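Only heavy atoms go into these numbers, but all of them, side chains included; no hydrogens, no water, no symmetry mates. Chain identifiers are assigned alphabetically (A, B, ...) following the order of the sequence lines, protein sequences preceding nucleic acid strands; residue numbering begins at 1 within each chain. Predicted, not measured: the structure shown is a model, and the values here were computed from it.
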Amino acid sequence: MSQQERKSLLLEIAPELLDELAETHERSSRELPALPGAGNGVVMRFAPNPSGPLHLGHARASVLNDYYVRRYGGRYVLRIEDTDPRRVDPEAYGMVLEDVEWLGLGITDIVYQSDRLDIYYDWCRKLIELGGAYVCVCEAERFRELKLRGKACPCRERTVEENLELWQQMLDGEFYEGDVTVRVKTDLTHPDPAMRDYSAMRIVNAPLHPRVDATVFPLMNFSVAVDDHLLGITHVIRGKDHIANTRRQRYIFDYFGWEPPVYRHYGRMGISGVVLSTSGMREGIKSGLYTGWDDIHLGTLRAIARRGIKAEAVRNAMIDIGIGETDISFSWENLYSRNKEIVDPKANRYFFVPDPVEVVVEGAPCREAHAALHPGDPSRGARTLVAGGRVLLPKADIEGKSMVRLKDLYNVRIAWDGDLPRVSYAGDSLEDARRDKAPIIQWLPADANLPCTLLRQEGSLEGFCEPLVAGERDNVVQFERIGFARVDSADGGRVSAYFAHR
RNA sequence: GCUGCUAUAGUGUAGAGGCCAAUCAUGUCGGCCUUUCACGCCGACGACAGGGGUUCGAAUCCCCUUAGCAGCACCA
């Protein structure tokens with residue numbers, strides 16, 4: 001029964017259901033749990049460290065926060081956390097911004113922590129004045145031992161005045177890296193040793209920070225707490241690796257009498273199949289193992305964008321995953337499915353013949369084939385392929401076959417002379433092909449095609465594609481019977497495309 | 001080791017004591033449609049980690065076991 005026949009039959013037997021037939025299934029993303037206290041809008045943040053481009057892990061954090069800002073309204077702060085000169089790549093600032101834009105995040109404000117050092121110094125002084133922090137000159141290892149035993153180090157007994165003087169000396173450059181740190185006074189008997197008198201400020205002499213001339217830098221738990229308060233952040237969604245940090249930051253909120261934001265900590269997301277660590281990626285690029293930050297073996301957003309994955313698909317996949325506290329493994333399959341629903345209605349169809357065999361079709365008339373650019377959208381028209389006597393066929397599709405149909409063209413019979421195929425015209429009838437269970441395969445005229453490389457993570461496929469593909473640069477197309485691919489370049493009479501998924 | 005979090009089908013997810021012989025998506029398999037092994041449609045497969053308790057009744061609450069994860073940095 002054809003679509004049309006179904007429709008008319010349904011019209012006869014149950015016309016009230018006709019509307020339902022017309023409904024397209026919209027796999028819209030689900031609703032995430034509500035956030036408490038979000039009724040009057042929210043202020044949230046995405047706070048990456050500029051050490052490299054954004055990857056799938058960042059996508060989760062940024063998209064989930066973005067989801068709630070869109071849902072409740074409010075502000076979305078992009079906070080560049082560049083307080084560790086050792087972990088700042090000057091080029092990453094630009095890459096982060098590009099990636100944020102690609103993701104389509106609704107950022108309303110951008111702040112750089114390196115612009116705010118004086119603010120942190122100021123609040124650090126206030127914390128010392130409150131008796132909430134002290135300057136510690138113990139060796140890190142020595143302090144660690146004391147801490148694990150729940151013992152105070154001698155520095156903890158200093159007066160506020162002494163601490164203020166030492167703090168000023170830090171700012172004046174009278175200490176060197178590693179000699180001194182400002183510690184938040186917490187609770188040395190806290191059952192979790194991770195909570196005990198953690199560091200808030202330290203000195204970094206080298207390397208120089210690319211944006212600011214300074215040697216005293218706040219540590220994350222201090223700058224984050226101060227900023228979250230000063231920027232009016234109401235809700236924070238981040239990974240559970242920050243649970244301990246949330247507790248540590250709580251001490252600062254308490255010292256200053258600030259109301260902390262509402263926190264949600266989602267579970268760890270394992271991502272297989274790609275490289276994610278910034279250091280691993282950087283080394284690989286340096287050694288030539290990867291072509292760059294967008295190498296398709298990497299898990300960066302620019303890499304998956306190059307493979308034809310759309311930001312909207314990433315977004316939907318992340319919202320599907322949600323903010324659960326369970327550890328999960330990221331599913332490429334689910335992402336591909338989300339991408340396919342975006343890309344399939346748009347992608348034009350073309351033939352790609354991998355590993356081609358050139359044959360003469362004996363007795364074949366010269367024919368024009370008209371293959372729809374998109375079977376679901378006839379208005380887009382068709383591409384025209386002129387088949388003279390010589391055609392390119394995919395080797396894997398004809399091997400062992402005695403009859404195949406060249407899609408939208410005609411049938412051919414194949415006689416095997418050893419492993420040499422002798423191909424002859426076998427009529428135009430589609431019915432014949434079906435009766436003989438001849439596979440319908442893609443093909444190309446031998447004199448009208450473009451060499452094409454289809455790059456995949458597991459290795460590239462060499463072949464030829466239709467000349468029209470050259471006009472699809474940066475678009476996602478579907479190579480029929482092979483899958484979706486993004487046309488990366490089409491220079492110098494050859495095409496290179498990146499495989500996305502089937 | 002210490003501290004804490006989590007545990008539903010291959011994967012992701014819903015489920016906040018009876019509406020659950022457990023939702024949806026994805027996946028796989030079968031069928032329909034189709035000159036693509038795409039899309040769409042129909043159907044099937046497939047899970048409450050294990051053990052105790054509380055309760056008339058537990059996927060939902062409690063305890064134990066097991067497993068996974070996170071933190072225990074002068075990184076973020």
Side-chain angles (χ1 to χ4, degrees), chain A residues 1-3 5-6 21 24-25 27 29-33 47-51 81-84 86-88 113 136 138-140 143-144 147-148 177-183 190-196 198-204 217 219-221 223-224 238-245 247-248 265 267-270 316-322 324-338 340-341 343-345 347 349-351 369 371-372 374-377 397 405-411 430-431 433-434 438-442 478-484 502:
Chain A
M1 209 186 295
S2 74
Q3 287 284 357
E5 285 167 336
R6 285 182 185 199
L21 189 70
T24 50
H25 265 231
R27 276 177 288 173
S29 291
R30 68 203 186 86
E31 177 116 316
L32 260 27
N49 166 256
S51 57
E81 304 208 329
D82 55 347
T83 53
D84 181 0
R86 258 185 278 279
R87 301 222 338 178
V88 169
Q113 290 194 314
C136 174
C138 298
E139 270 181 47
F143 179 84
R144 204 178 89 88
K147 176 188 75 176
L148 287 175
E177 188 165 334
D179 290 347
V180 65
T181 182
V182 176
R183 292 188 183 283
H190 194 290
D192 184 354
M195 291 304 119
R196 300 172 191 166
Y198 63 87
S199 276
M201 287 280 179
R202 51 73 187 271
I203 291 172
V204 181
F217 290 93
L219 284 141
M220 174 231 200
N221 283 305
S223 49
V224 163
R238 55 178 176 180
K240 72 163 160 190
D241 46 320
H242 286 293
I243 287 176
N245 291 322
R247 280 200 281 270
R248 284 192 273 229
H265 299 99
R268 186 198 149 90
M269 179 168 78
N316 289 340
M318 293 305 166
I319 292 172
D320 285 344
I321 288 168
E325 295 174 62
T326 317
D327 299 328
I328 58 157
S329 38
F330 173 78
S331 163
W332 290 98
E333 263 178 4
N334 290 349
L335 174 63
Y336 293 157
S337 165
R338 284 309 204 165
K340 201 190 285 183
E341 76 189 51
V343 131
D344 179 76
R349 271 54 175 173
Y350 295 101
F351 290 148
H374 196 293
D377 182 5
D397 281 329
R405 179 175 179 83
L406 310 193
K407 185 167 181 284
D408 301 300
L409 191 65
Y410 47 55
N411 307 329
L430 181 58
E431 285 65 40
R434 285 190 169 144
I440 296 170
I441 65 170
Q442 71 276 28
Q478 191 206 50
F479 287 137
E480 295 198 32
R481 299 176 67 246
I482 293 179
F484 294 90
R502 287 190 60 86

Colleague: Considering only the C1' atoms, how many Å lie between B:U54 and B:U8, rounded to the nearest integer?
Modeller: 22 Å
Colleague: Using the P atom in both, what is the distance from B:A38 to B:G30, to the nearest Å?
Modeller: 12 Å
Colleague: Across all strands, who's sitting opposite B:U34 as a Watson-Crick or G-U wobble pair, both distances under 3.5 Å?
Modeller: none
Colleague: Distance check, C1' atoms only: B:A9 and B:C5, in whole angstrom units.
Modeller: 24 Å
Colleague: Distance between the P atoms of B:G15 and B:C72, in whole angstroms?
Modeller: 32 Å
Colleague: Rounded to whole Å, how long is the line connecting atom CZ of A:F351 with atom C1' of B:U35?
Modeller: 9 Å
Colleague: For B:U66, give its Watson-Crick or G-U wobble partner with both distances under 3.5 Å, or none.
Modeller: B:A7
Colleague: Which value, in whole Å, describes the distance between the P atoms of nucleotides B:C48 and B:A7?
Modeller: 15 Å
Colleague: For A:M269 and B:A70, what is the distance between atoms CE and P respectively, to the nearest whole Å?
Modeller: 14 Å
Colleague: Using purine N1 to pyrimidine N3 plus N6-O4 or O6-N4 for Watson-Crick, or N1-O2 and O6-N3 for G-U wobble, each under 3.5 Å, what pairs with B:C72?
Modeller: B:G1
Colleague: Give me the distance, rounded to whole Å, that separates B:C20 from B:U60 when you measure between the C1' atoms they each carry.
Modeller: 11 Å
Colleague: In whole angstrom, give me the gap between the C1' atoms of B:C63 and B:U26.
Modeller: 37 Å
Colleague: Compare the minimum distances between each of B:G71, B:C74, B:A38 and the side chain of A:D344, then state the nucleotide with the smallest one.
Modeller: B:A38
Colleague: From NZ of A:K240 over to P of B:G4, roughly how many Å is that when rounded to an integer?
Modeller: 15 Å
Colleague: In terms of side-chain heavy atoms of A:D408, which of B:C39, B:G68, B:U35 is nearest?
Modeller: B:U35
Colleague: Applying the Watson-Crick and G-U wobble criteria at under 3.5 Å, what pairs with B:G18? Answer none if nothing qualifies.
Modeller: B:C56
Colleague: Roughly how many Å apart are B:G10 and B:U3, using the P atom of each and rounding to a whole number?
Modeller: 34 Å
Colleague: Paired with B:C39 by Watson-Crick or G-U wobble geometry, both distances under 3.5 Å: which nucleotide is it?
Modeller: none
Colleague: Is it true that, when you exclude A:E177 itself, more than 12 heavy atoms of the residues, nucleotides or ligands shown sit nearer than 6.0 Å to its CD?
Modeller: yes
